[in-house]
Protein chains: 2
Amino acid sequence: MAVLLKQLAAASGYSINTVSRALRDKDDVSPETKKKIRALAAELGYVNNSVAKSLRTGKTNTIGVISADSSNPFFAEVIMGIENAARASGYHILLTNTEESTEREREAISVLLGKQVDGLLLMPVLQQHNNGHYIKSLDVPYIIVGRWLPGLEDHSVMSDEYEKAKEVVLYFLKNGHTDILHLAGPSCVSSSVDRLRGYRDAYAEAHMPIQEELIIETKGHLEDGYHEVSALIRNERKISAIFAFNDLVAVGALRALKESGLKVPKEVEVIGFDDLNFSKYLHLSLSSVSIPKKTLGTLAFKTLLDHIENPEAPYTKKTVASRIVFRETTLEQEP
Amino acid sequence: MAVLLKQLAAASGYSINTVSRALRDKDDVSPETKKKIRALAAELGYVNNSVAKSLRTGKTNTIGVISADSSNPFFAEVIMGIENAARASGYHILLTNTEESTEREREAISVLLGKQVDGLLLMPVLQQHNNGHYIKSLDVPYIIVGRWLPGLEDHSVMSDEYEKAKEVVLYFLKNGHTDILHLAGPSCVSSSVDRLRGYRDAYAEAHMPIQEELIIETKGHLEDGYHEVSALIRNERKISAIFAFNDLVAVGALRALKESGLKVPKEVEVIGFDDLNFSKYLHLSLSSVSIPKKTLGTLAFKTLLDHIENPEAPYTKKTVASRIVFRETTLEQEP
DNA sequence: TGCCATAATATTAACGTTAATGTTAAATCC
DNA sequence: GGATTTAACATTAACGTTAATATTATGGCA
């Protein structure tokens, strides 16, 4: 069915090896021979069998991407950046999702290793029994994207989330807010930890007491923001500012605020995180911490590629700068 | 570095083949032997080399997914459905994006075939010189997801877009709208064609004249909806209803309407397409045609798997039902 | 002229696995 | 008790490619 080197060899009269070398443009094949063989390959529609090639060369030109949830717009964007960069360098990506389960994560790593990926891009779960130890023992290059794992910080490519989270909350505190709701993300995600730490440290820096009940852990979904804020309002809990784990949660929160008649930003200011594409087109354009998602993906791939090509090189943590974008859900607004 | 069957054989005293058969639970290996070999494999951390296995068996348990833009929330959702279903069946996906370029599409197909994928899931570009002919000549199973290509309709798994588009526009017409803007998608995408056809046929069925200048082709992005509607309003073009190619365009359009002070839905009704996750949480929850995106992905994979396992089976077009969800951007609203 | 370098090709082996055969000894049968 | 089956393993070959190592003819040079 498929055309093989063997057929090209038979049809051209050359040996399999010469055909192989001709197609790979090696310089001990004469130009005329190359031309003949190439024409024949094109004519018969020869496609190199990468599986055989990979077995022989020990390279698959494939990397594994282990994401938590590729349907989340943030990850979708990052993955797009990864895929673009990978394709530009002749690599392909094997994509798999863990839904924040350490078990699935371990399983995914193992399967991808079996598939002989040249490297791994991970968005790992941060938990008591996380896969840090297992990951540390890997002997393929790997980069942790947009997250971190204790002891493996040097493998991370991420943004300056802690700093920006703190800045956001300091902005609120400076403006006199005392009841700042933090709709936190899942505690098993390092981003949640960093953003929450930013919240806490801002309060500390302002010498303000934290109201623990204003820190609510969510799964980072639209409905979480909606339900949590609705519940708070039902219970007549006063809040005047919301720092959301991400824009999805923020959008849900905004909806709940609207339904309750609370005016944004006058009565409640809201700032999200990630700055998703749609955020600036919302009815009230959403103030958010803008992370260059595609850049993050691209940088992660390039960094991984560096380590694939140069396995001895030491890892160093890389950071891409994010910035707070003040839009219509805050009193302060950019021009 | 990596542990091979060879090592397990040497360490256990059995032959490579027996080790292989033991690990694959073949029944001409004694239970005790299996137990011993499995314990050894676990102890040494043996991972089966899928590349070698694939070369030998002719199966990779991998499918290629060729999407236009995996960062588009619609595709991201569909791809998530695909990936989940694939993983559940022991398959993995190689994801690549074409950005609606026929050339990249062809390139992607060829590379993935070289990687010996067991099947292909395509979201192909519909153009004068599309890859229909090339695709038709493939000898791996393939399914076209959410789109169609002329002559290959039987390979499609999609939703009933034409019918729903028509229904949307008929709803507008029935309510007395005469100036219904259609923010169409790219003409090289079959969905755009179907949705536009629905628009036209609704007008025809209502015996109303179409105003061609109210059909505006876009790329289906947020900013397109925003800019096109802003421009129309600047030019004082009267519109009282908008049928958007997708929810992204609709969100952009809503933003433009809000900026111009036009009231939705009183002065302008808006209906989108796809029903993205966030649509129902928007300030004005968006009326839209709800496509079960994950289901679409799941069904596409399952259908592909059927054809992988049963290559002789004839292809038949499959459809998942979508439904119009009336929310706050239309006068009619569901309870 | 004879020797050596070189260009161009061929031959052989290897990647790690699984499938197809072989082998051996114990168990079964009449 | 000898032939036959069967359980449990081993040996060999193969998947399609590339790398390492021959081989052959040609030309240059002393």
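The figures that follow rest on heavy atoms only: side chains count, while hydrogens, waters and symmetry mates do not. Letters go in sequence order (proteins before strands), and every chain restarts at 1.
The side-chain contact (heavy atoms from CB on, under 4.5 Å) with B:Met123 is formed by just one residue from the set B:Ser67, B:Ser70, B:Ser191; it is B:Ser67.
For the pair A:Leu138 and A:Leu113, the minimum side-chain heavy-atom distance is below 4.5 Å. Between B:Ile93 and B:Thr62, every side-chain heavy-atom pair lies at or beyond the 4.5 Å cut-off.
A side-chain donor-acceptor contact under 3.5 Å links A:Lys115 to the backbone of B:Thr60. Checking side-chain atoms of A:Ser50 against main-chain N and O of A:Lys53 turns up no donor-acceptor pair under 3.5 Å. For the pair B:Ser137 (side chain) and B:Ile135 (backbone), a donor-acceptor distance under 3.5 Å is absent.
Taking the 5' to 3' direction, DNA chain C first and last meets chain B under 4.0 angstrom from a heavy atom at C:dG16 to C:dA20.
Residues satisfying the ring pair (Phe, Tyr, Trp, His ring centres under 6.0 Å) test with B:Phe75, not counting sequence neighbours, are none.
Around the NZ atom of A:Lys35, the shell of radius 6.0 Å holds no more than 12 heavy atoms that belong to other residues, nucleotides or ligands.
Of the residues in residues 10-22 of chain A, those lying under 4.0 Å from DNA chain D by heavy-atom distance are A:Ile16, A:Asn17, A:Ser20. Taken residue by residue, residues 32-56 of chain A places heavy atoms nearer than 4.0 Å to DNA chain D at A:Tyr46, A:Asn48, A:Asn49, A:Ala52, A:Lys53, A:Arg56.
A distance of 5.5 Å separates CH2 in B:Trp148 from OG in B:Ser190, rounded to the nearest 0.5 Å.
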The test is side-chain hydrogen bond (donor to acceptor under 3.5 Å, both in side chains); show your working for A:Ser71 and A:Asp69 and say whether it passes.
CA-CA 5 Å; A:Ser71 73; A:Asp69 172 9; 2.7 Å; yes
Steps toward side-chain hydrogen bond (donor to acceptor under 3.5 Å, both in side chains) verdict (A:Ser20, A:Arg24):
CA-CA 6 Å; A:Ser20 172; A:Arg24 281 178 295 137; 2.8 Å; yes
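Remark: P of D:dC9 and CG of B:Asp27 are 13 Å apart, rounded to the nearest angstrom. B:Leu5 has its CG atom 15 Å from the C1' atom of D:dT11, to the nearest Å.
Within the structure, side chain to side chain donor-acceptor pair (under 3.5 Å) pairs that include any residue of residues 305-318 of chain A comprise A:Thr303-A:Lys318 (at least two apart or interchain).
The shortest non-hydrogen separation linking A:Ile308 to A:Asp118 is CG1-O, 3.4 Å.
Taking the screw axis at each terminus of the helix from C:dT1-D:dA30 to C:dC30-D:dG1 from five consecutive base pairs, the angle between the two is 60° to within rounding of 10 degrees.
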